[in-house]
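Working notes for the structure below.
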Amino acid sequence: MTEPIDEYVVQQMREYDGKTLVSVTKEGLELPEDEEEKKKREEDKVKFEGLCKVIKNILDNKVEKVVVSNRLVESPCCIVTAQYGWSANMERIMKAQALRDTSTMGYMAAKKHLEINPDHSIVETLRQKADADKNDKAVKDLVILLYETALLSSGFALDEPQVHASRIYRMIKLGLGIDEEEPIQVEESSAGDVPPLEGDGDDASRMEEVD
């Protein structure tokens, strides 16, 4: 259900053929689990509790809460919305309205929850870094980068895409081993490499005639 009209339809049609419609982009998604999976999820909650607190402190009021996810498989994290309020798709539709009601945007805009994947290598390594030093600047940068990337992949729009782009470029520099403070080296041409200016040949020949 990806069409704009679908957002309006599901607000009125709560069930179909005796089955309740559930949004996978909202909190409270219940997936079937056996006892072993439930036990693992409880252990993950305890194991990543410290990281969840660090992420919440870094993101502050950008997210309502940070929790361990049971819906993610390949992604390190995702943004889900509260049970009541607009979904990411509906928020995008309402922001595109020319005559939108700004007061409605205030209380209907989605309250964002960040869910982290405990089985992902990025999240596990981030946990180790945060446990070693929760004030590590690299941890803060990585958390914000993960959050903004999760916003995009979850269907939200970035408030400041330029800031996100500059953060990406900084991470690329880091990956390439470029020093952030290092000035860009411009190769200087030798005197012999400089092409003659237009008219230089004629001037030279005239000088020979004078001699």
Side-chain angles (χ1 to χ4, degrees), residues 23-31 33-88 91 109-182:
S23 173
V24 295
T25 66
K26 292 196 171 186
E27 66 168 337
L29 179 66
E30 295 182 4
L31 298 173
E33 291 179 317
D34 56 28
E35 289 302 318
E36 188 176 337
E37 289 171 331
K38 285 180 181 178
K39 182 182 177 183
K40 181 185 179 302
R41 188 152 62 93
E42 291 302 320
E43 290 173 352
D44 287 337
K45 281 183 181 180
V46 175
K47 183 179 178 181
F48 288 88
E49 184 179 3
L51 178 61
C52 288
K53 287 180 179 177
V54 169
I55 294 175
K56 175 64 175 115
N57 289 336
I58 292 171
L59 298 178
D60 198 16
N61 58 359
K62 291 179 181 177
V63 294
E64 193 172 38
K65 61 182 178 180
V66 181
V67 296
V68 173
S69 180
N70 67 332
R71 73 181 84 202
L72 293 172
V73 177
E74 296 181 353
S75 301
C77 58
C78 72
I79 300 289
V80 300
T81 55
Q83 196 63 40
Y84 301 99
W86 291 331
S87 64
E91 184 175 309
K111 289 182 172 60
K112 300 174 182 66
H113 299 171
L114 180 68
E115 293 194 0
I116 59 174
N117 182 359
D119 299 322
H120 201 284
S121 57
I122 290 177
V123 176
E124 172 59 26
T125 307
L126 198 61
R127 180 190 69 80
Q128 295 172 10
K129 280 184 169 292
D131 287 347
D133 181 10
K134 63 181 180 181
N135 297 316
D136 188 348
K137 187 178 182 299
V139 170
K140 182 178 180 181
D141 276 350
L142 290 169
V143 165
I144 296 174
L145 189 60
L146 278 173
Y147 167 73
E148 290 175 343
T149 307
L151 277 178
L152 291 174
S153 62
S154 300
F156 291 94
L158 293 177
D159 293 330
E160 297 177 307
Q162 296 88 354
V163 177
H164 176 71
S166 64
R167 191 171 282 114
I168 292 285
Y169 296 148
R170 194 161 68 245
M171 298 306 290
I172 291 173
K173 280 185 176 181
L174 188 64
L176 293 173
I178 301 172
D179 187 359
E180 187 71 23
E181 304 299 326
E182 183 181 339

Residues passing the side chain to side chain donor-acceptor pair (under 3.5 Å) test with Lys40, sequence neighbours excluded, are Asp44, Asp119
In this structure, NE2 of His164 is separated from CG of Leu145 (nearest 0.5 Å) by 6.0 Å
- Message: Is any side-chain heavy atom of Asn57 closer than 4.5 Å to one of Lys134?
- Response: no
By salt bridge (Lys or Arg N to Asp or Glu O under 4.0 Å), Lys53 pairs with (sequence neighbours left out) Glu49
Between the OG atom in Ser154 and the CD atom in Glu115, the distance rounded to the nearest 0.5 Å is 9.5 Å
Here the gap from Thr149 atom OG1 to Ile144 atom CD1, rounded to the nearest 0.5 Å, amounts to 11.5 Å
With sequence neighbours left out, the residues meeting side-chain contact (heavy atoms from CB on, under 4.5 Å) with Arg41 are Glu33, Lys45, Asn70
Residue pairs passing the salt bridge (charged side-chain N to carboxylate O under 4.0 Å, His left out) test with at least one member in residues 136-157, sequence neighbours excluded, are Lys137-Asp141, Asp141-Arg170, Glu148-Arg167
Heavy atoms of Tyr147 and Lys112 approach each other most closely as OH-CD, 3.9 Å
Side chains of Asp133 and Val139, heavy atoms from C-beta outward: is any pair under 4.5 Å?
no
Sorted by chain and residue number, the side-chain contact (heavy atoms from CB on, under 4.5 Å) partners of Cys52 (sequence neighbours excluded) come out as Val66, Val68, Ile116
### Query
Between the main-chain N or O of Asp60 and the side-chain N or O of Lys56, is there a donor-acceptor pair closer than 3.5 Å?
yes
Contacts of Glu124 meeting side-chain contact (heavy atoms from CB on, under 4.5 Å) (sequence neighbours excluded), chain-then-number -> Lys47, Phe48, Arg127, Gln128
Sequence neighbours excluded, the answer for side-chain contact (heavy atoms from CB on, under 4.5 Å) partners of Ile122 is Pro76, His120, Leu146
Glu37 meets the side chain to side chain donor-acceptor pair (under 3.5 Å) criterion, sequence neighbours left out, with none
Exactly one candidate in Val67, Val80, Ile55 meets side-chain contact (heavy atoms from CB on, under 4.5 Å) with Leu114; the answer is Ile55
>> For a 4.5 angstrom cut-off between non-hydrogen side-chain atoms, does Leu142 reach Met171?
In response: yes
Are Cys77 and Val123 packed together at the side-chain level, in the sense that at least one heavy-atom pair is separated by less than 4.5 angstrom? no
